[in-house]
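Here is the structure we will look at, set down as structure tokens.
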Amino acid sequence: MSSSFLENTKHYIDKAGQLLEIPTDVGKQLQTPAREVRVELNIRMDDGSIGTFIGFRVQHDDARGPFKGGLRYHHHVDAAEVNALASLMTWKTAVAGVPYGGAKGGIQVDARTLSEGEMQRLTRKFIDGIHDVIGATKDIPAPDVNTNGQVMAWIFDQYAKYHGYQPGVVTGKPVGLGGSEGRSQATGRGLVFAVEELLASENKSLDGMTVAIQGFGNVGTWAAHDFVAKGAKVTAIADISGAYKNAEGINIKEAIQYVKANRTLEGFNGADHVDGAEILTCECDILVPAALGGVLTKDNANDVRATYIAEGANGPTTPEADEIFAKRGIKVLPDIYANCGGVTVSYFEWSQNMQHFYWDLERVNAELQRVMKRGFKDLQATAQKYECNYRMAAFALGLGRVWDATKLRGL
Ligand code: NAD
């Protein structure tokens, strides 16, 4: 999956480069990652054996500001996947208009097999390996798949052992350690703001819309929560244990409580349990892939029954599927816009850390909505200018901004 993910990302940037008439040598410069770090991580496992893992940090581009991007703990993590995700971050921070570049990191590990103690030792070991190349004005990690506020707190602490108190070195921290109100909700919340903007552009609202969500972790649960709060009906959700459908609408508060208590939806009885793949092709108005990449492909794109797709996950749609959706008139809000709420509130968190001045949740939500509204306007204007879909508009917008900053800074 991951090398094709890298190719898919390159495909979109190449096409955006053609739209902007970026010279080939400049295109190569903008796409080449600035630094790739690979570290061997040896830790003592609970059973006394030595566990050996590989960690990656790829710093893609910092023309517009410090490198920025999440850390993923997953058995699929490899150099190609981290490279693709780091590149996406460069264009995403540019689309969001936050003053960062792009990076991504990860550890190749099945996180479900680790105890909390093993997870902590692995995280600290990783920071021992990369602390020299990260920092509040260099490269700022954040949560991604299977990492959370607690993991960020360990990063904060381990980094402090080398460099002193620097809360801005990592975002997505718990509020008690300098995290921002609203950060954990931000990606899902930003996605719902994005969908509202798209619907408003067609004189529609979320009221009565049906939603299917693949992935019921950080992004999926908060998106579900906000969709319901705004009058939509979440009729299908899915996680690693399968898909759960209820045409009357799933009680999302109950489902969230269930996952908190049981880690997954396995055994949840508020909906019918069906095969996991059905989530992508079930009857709904809005489909939200919010798990892993590469799930919407030429093999299932013709069976998708949604009118709108909002990409919570990074890279969930292959270029072939994207073309099929365009032909079928299915509107796609691409990852680098739809899920940029997370990095946007990370930016708010970092700004608060740098100023040691903290905001309340109302201010965070209002600023996030402002960024998502502005982002949609920019996307619409770019789509009109180049007569393209929202995905190409997002890549053109991001690439253009990075190109401008690169030109200004010079070689
Ligand atoms: P998470 O670890 O909190 O949740 C992941 C969810 O996906 C879990 O419910 C898991 O069971 C489910 N899942 C895993 N494999 C699955 C499969 N094969 N089928 C169905 N469900 C499956 O992760 P997250 O932070 O919610 O991230 C989800 C996606 O959103 C990722 O692609 C991530 O890169 C992207 N994203 C996250 C953020 C953020 O702020 N957390 C920001 C931008 C993008």
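The residues of the chain are indexed from 1 along the displayed sequence. Side chains are part of it too, since the values below use all heavy atoms of this structure and drop only hydrogens, waters and symmetry mates. Just so it is clear, the model here is predicted, and its values are computed rather than measured.
In the model, Ser346 has a side-chain atom that pairs as donor or acceptor with a side-chain atom of Arg183 under 3.5 Å. Thr210 and Asp285 share a side-chain donor-acceptor pair at under 3.5 Å. When only modelled atom types and interatomic distance are considered, Thr171 and Glu349 share no side-chain donor-acceptor pair under 3.5 Å. Between the side chains of Ser205 and Asp207, not a single donor N or O lies within less than 3.5 Å of an accepting N or O. For the residue pair Thr406/Gln29, the side-chain donor-acceptor check at 3.5 Å is not satisfied. Gln185 and Asp226 are not linked by any side-chain donor-acceptor pair at a separation below 3.5 angstrom, with hydrogens and angles left out of the test.
For the pair Asn389 and Phe325, the minimum side-chain heavy-atom distance is 4.5 Å or more. With contacts defined as side-chain heavy-atom distances shorter than 4.5 Å, the pair Gln150/Pro174 does not qualify. Proximity of Asn83 to Pro33: side-chain heavy atoms (C-beta onward) are separated by under 4.5 Å at one or more points. The side-chain heavy atoms of Glu116 and Gln120, taken from C-beta on, include no pair separated by under 4.5 Å. For the pair Leu20 and Tyr386, the minimum side-chain heavy-atom distance is below 4.5 Å. Under the 4.5 Å side-chain criterion, counting only non-hydrogen atoms from C-beta, Ile134 is in contact with Val169.
Of all heavy-atom pairs spanning Lys173 and Pro167, the tightest one is NZ-O, 2.8 Å. Taking every heavy atom of both residues into account, Phe67 and Ala34 meet most closely at CZ-CB, 3.9 Å.
Atom NZ of Lys233 and atom CD1 of Ile250 lie 11.0 Å apart (nearest 0.5 Å). Going from atom CD1 of Ile256 over to atom NE2 of His225 covers 6.0 Å, rounded to the nearest 0.5 Å.
Side-chain N or O atoms of Asn42 include none that pairs as donor or acceptor with a backbone N or O of Ile50 at under 3.5 Å. Counting only distance, with no hydrogens or angles, the side chain of Arg391 and the backbone of Ile336 share no donor-acceptor pair below 3.5 Å. Counting only distance, with no hydrogens or angles, the side chain of Thr382 and the backbone of Asp378 share a donor-acceptor pair below 3.5 Å. Judged by distance alone, with hydrogens and angles left aside, the side-chain atoms of Glu118 form a donor-acceptor pair with the main-chain N or O of Asp46 at under 3.5 Å. For the pair Glu311 (side chain) and Asp335 (backbone), a donor-acceptor distance under 3.5 Å is present. Ser241 places no side-chain N or O within 3.5 Å of a backbone atom of Thr264 that could act as its donor or acceptor partner. No side-chain donor-acceptor contact under 3.5 Å links Lys331 to the backbone of Leu199.
A ring-ring contact (aromatic ring centres under 6.0 Å, His included) check over residues 106-142, counting only residues at least two apart or in different chains, returns the pairs His131-Tyr162, His131-His163.
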Would you check, one step at a time, whether the test side-chain hydrogen bond (donor to acceptor under 3.5 Å, both in side chains) holds for Gln158 with Asp128? CA-CA 8 Å; Gln158 195 65 11; Asp128 289 342; 2.8 Å; yes

When you look at Asn148 and Asn218, which way does the side-chain hydrogen bond (donor to acceptor under 3.5 Å, both in side chains) test go after all the steps? CA-CA 9 Å; Asn148 55 21; Asn218 174 275; over 6 Å; no

Might you work through the side-chain hydrogen bond (donor to acceptor under 3.5 Å, both in side chains) test for Tyr337 and Glu197, ending with a clear yes or no? CA-CA 12 Å; Tyr337 166 65; Glu197 290 307 306; over 6 Å; no

Please walk me through it: do Thr123 and Tyr73 pass side-chain hydrogen bond (donor to acceptor under 3.5 Å, both in side chains)? CA-CA 10 Å; Thr123 301; Tyr73 291 180; 2.8 Å; yes

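The salt bridge (Lys or Arg N to Asp or Glu O under 4.0 Å) search around Arg112 returns Asp110, not counting sequence neighbours.
Of the candidates Asp61, Leu397, Val402, Trp91 forms a side chain to side chain contact (heavy atoms under 4.5 Å, CB included) with just one, namely Val402.
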